[in-house]
Amino acid sequence: MADVAEAVKRNNIQSPKPNAPQLIDNHGRVVSYVRLSVTDRCNLRCVYCMPEQMKFMPQEELLSFDELFRLMKILSSMGISKVRITGGEPFMRDGLTDFLWQLKTLENIEEINITTNGVLTKKHIPELKRIGIASVNLSLDTLDRERFKHVTRRDELVAVMDTFYALLRHNIAVKINAVVTDGFNTDDIVPLADLTKSYPVSVRFIEEMPFNGVGADRQVLTWNYKKILSALFAAYPTMKKLDDEPFSTSMNYTIDGHYGSVGVIAAYSRTFCGTCNRIRLTPKGKLHTCLYSNEGLDLKHLLRQGATDDEIERDIRQTVSSRYKDGFDAEANRFGHLPVSESMSTIGG
Ligand code: SAM
Ligand code: SF4
């Protein structure tokens with residue numbers, strides 16, 4: 001196993017827990033961040049994520065919040081300090097805010113963030129503020145109502161924008177996630193980036209990944225991060241690179257006179273695997289060490305078979321110690337169906 005102190009230093013960990021048995025993978029990368037997908041259900045049908053006729057899993061297949069909390073206790077004792085709640089649409093799941101309050105009681109958890117499509121989110125914002133949610137990533141691919149309907153197959157732009165303004169009013173840090181999808185919203189790059197002129201938000205453009213639930217068969221991504229950056233530089237020639245935070249998946253830029261910043265996330269080109277500090281838990285309780293891998297540890301099985309916390313911890317450590325080097329390696333070793341056919345809603349993005 002890699003030397004902890006050396007890995008902590010190399011990964012620029014800011015506040016390692018003294019004496020914590022920090023999770024470290026077989027490539028010396030510290031693992032300190034988990035993405036919890038709490039449901040596969042969604043009230044939108046984004047074209048890049050799922051088909052119109054999406055079959056969701058039966059409720060009993062999902063981990064209960066009690067099971068999730070037990071896993072989070074174990075993970076936080078292993079040095080996981082940051083959590084992102086995602087889905088499907090997390091606010092489709094009843095009892096989410098009660099679970100967030102529970103998470104807050106875990107002393108090693110320093111940061112809880114949420115990724116949401118914003119349709120049902122607004123009414124929960126005062127409570128999210130009280131809980132102390134660090135930031136909300138709001139998915140918003142266009143500011144045009146017709147195009148929004150085209151991309152998400154639902155007419156919900158007004159509700160999403162209401163959520164956006166309410167987040168700002170409550171002074172909760174907002175990042176906008178826009179998946180750049182050829183033929184759908186490439187004309188929206190500059191209007192979305194222009195939001196940073198008036199609002200202190202970070203607008204990040206994400207390369208489309210092949211997780212649309214029907215098996216995207218694409219060898220070449222037309223709108224990769226370089227092309228997205230070219231479009232941004234054409235509109236804002238004086239745009240300047242910002243220093244990226246440790247473990248950041250986005251490359252960020254500032255624009256003269258704008259309050260916010262813009263960024264690109266090379267999710268398909270996979271430029272950030274070398275410093276990846278994250279693991280993912282699917283709604284069914286599978287632990288994945290890479291978005292592009294379909295191998296995972298079946299934690300639901302362990303929980304429901306009566307495994308002890310020590311046994312669960314041992315299996316998590318084992319899984320993290322046999323991690324693929326990067327997303328290309330993981331993709332090359334996928335078993336079963338190729339091209340990838342899962343929906344992002346079953347993995348959590
Ligand atoms: N429903 C919530 C939402 O849309 O924000 C959370 C779940 S969603 C799966 C998490 C993130 O994954 C969103 O920002 C979404 O835009 C992104 N996403 C979904 N499918 C994607 C794809 N095929 N390629 C890139 N990003 C994708
Ligand atoms: Fe739902 Fe989010 Fe997937 Fe869109 S990206 S269909 S909002 S889970």
Side-chain angles (χ1 to χ4, degrees), residues 35-57 83-93 96 113-121 124 133 135-142 147-157 159-160 163-164 167 174-185 188 192 201-218 221-225 228 249-250 263-270 272 278 280-283 288 291-292 327 331 339-349:
R35 296 175 67 98
L36 293 186
S37 177
V38 295
T39 179
D40 63 331
R41 282 169 202 271
C42 193
N43 42 4
L44 300 184
R45 292 289 183 280
C46 303
V47 289
Y48 46 74
C49 180
M50 60 172 78
E52 173 67 74
Q53 303 303 328
M54 180 71 183
K55 201 166 174 296
F56 298 112
M57 38 186 105
V83 189
R84 175 167 301 282
I85 306 295
T86 176
E89 173 47 38
F91 289 99
M92 290 288 280
R93 180 132 185 209
L96 179 70
N113 302 286
I114 303 179
T115 300
T116 174
N117 64 28
V119 174
L120 301 172
T121 316
H124 299 287
I133 296 303
S135 75
V136 171
N137 285 7
L138 185 65
S139 297
L140 177 64
D141 302 317
T142 174
R147 277 209 285 268
F148 187 95
K149 280 202 275 186
H150 197 204
V151 176
T152 67
R153 304 191 183 102
R154 299 291 184 269
D155 186 12
E156 294 285 6
L157 179 64
V160 179
T163 290
F164 173 61
L167 286 166
V174 188
K175 292 179 183 169
I176 287 184
N177 284 351
V179 178
V180 177
T181 311
D182 204 3
F184 284 89
N185 66 339
D188 291 285
L192 283 168
V201 294
S202 160
V203 178
R204 294 109 48 88
F205 298 95
I206 309 176
E207 288 181 348
E208 187 189 356
M209 292 179 272
F211 297 102
N212 63 4
V214 290
D217 192 6
R218 180 178 16 69
L221 179 71
T222 8
W223 277 83
N224 63 15
Y225 75 98
I228 300 169
T249 52
S250 54
V264 286
I265 301 184
Y268 185 74
S269 305
R270 288 159 258 187
F272 43 71
R278 60 194 60 195
R280 297 181 151 78
L281 192 63
T282 70
H288 288 282
L291 186 57
Y292 282 87
E331 191 177 15
V340 175
S341 63
E342 298 105 301
S343 160
M344 191 63 100
S345 67
T346 61
I347 319 172

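Start at 1 and go down the list; that is how both ligands and their atoms are numbered.
Around atom 3 (Fe) of ligand 2, protein N, O or S atoms at a distance under 2.8 Å total 1; waters are neither shown nor counted.
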**Request:** List the steps and the verdict of side chain to side chain contact (heavy atoms under 4.5 Å, CB included) for Asp188 and Val180.
**Result:** CA-CA 9 Å; Asp188 291 285; Val180 177; over 6 Å; no
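Asn224 and Ser269 share no side-chain donor-acceptor pair at under 3.5 Å. In this structure, a donor-acceptor pair under 3.5 Å is present between the side chains of Thr116 and Thr121. Between the side chains of Asn113 and Asn137, no donor N or O sits under 3.5 Å from an acceptor N or O.
Closer than 4.0 angstrom to ligand 1 sit non-hydrogen atoms from Tyr48, Cys49, Thr86, Gly87, Gly88, Glu89, Thr115, Thr116, Asn117, Ser139, Asn177, Val179, Ile206, Glu207, Glu208, Met209, Phe211, Met344, Gly348, Gly349.
Remark: Arg270 is positioned above the aromatic ring of Tyr268, its terminal NZ or CZ atom under 6.0 angstrom from the ring centre and at most 45 degrees off the axis.
Under the ring-ring contact (aromatic ring centres under 6.0 Å, His included) criterion, Phe184 pairs with His150, sequence neighbours left out. For Phe148, there are no ring-ring contact (aromatic ring centres under 6.0 Å, His included) partners, not counting sequence neighbours.
Looking only at side-chain heavy atoms (C-beta outward), Met57 and Thr346 come within less than 4.5 Å of each other.
Side chain of Arg153 to main chain of Arg45: a donor-acceptor pair is present (N/O by atom type, distance under 3.5 Å, no hydrogens or angles).
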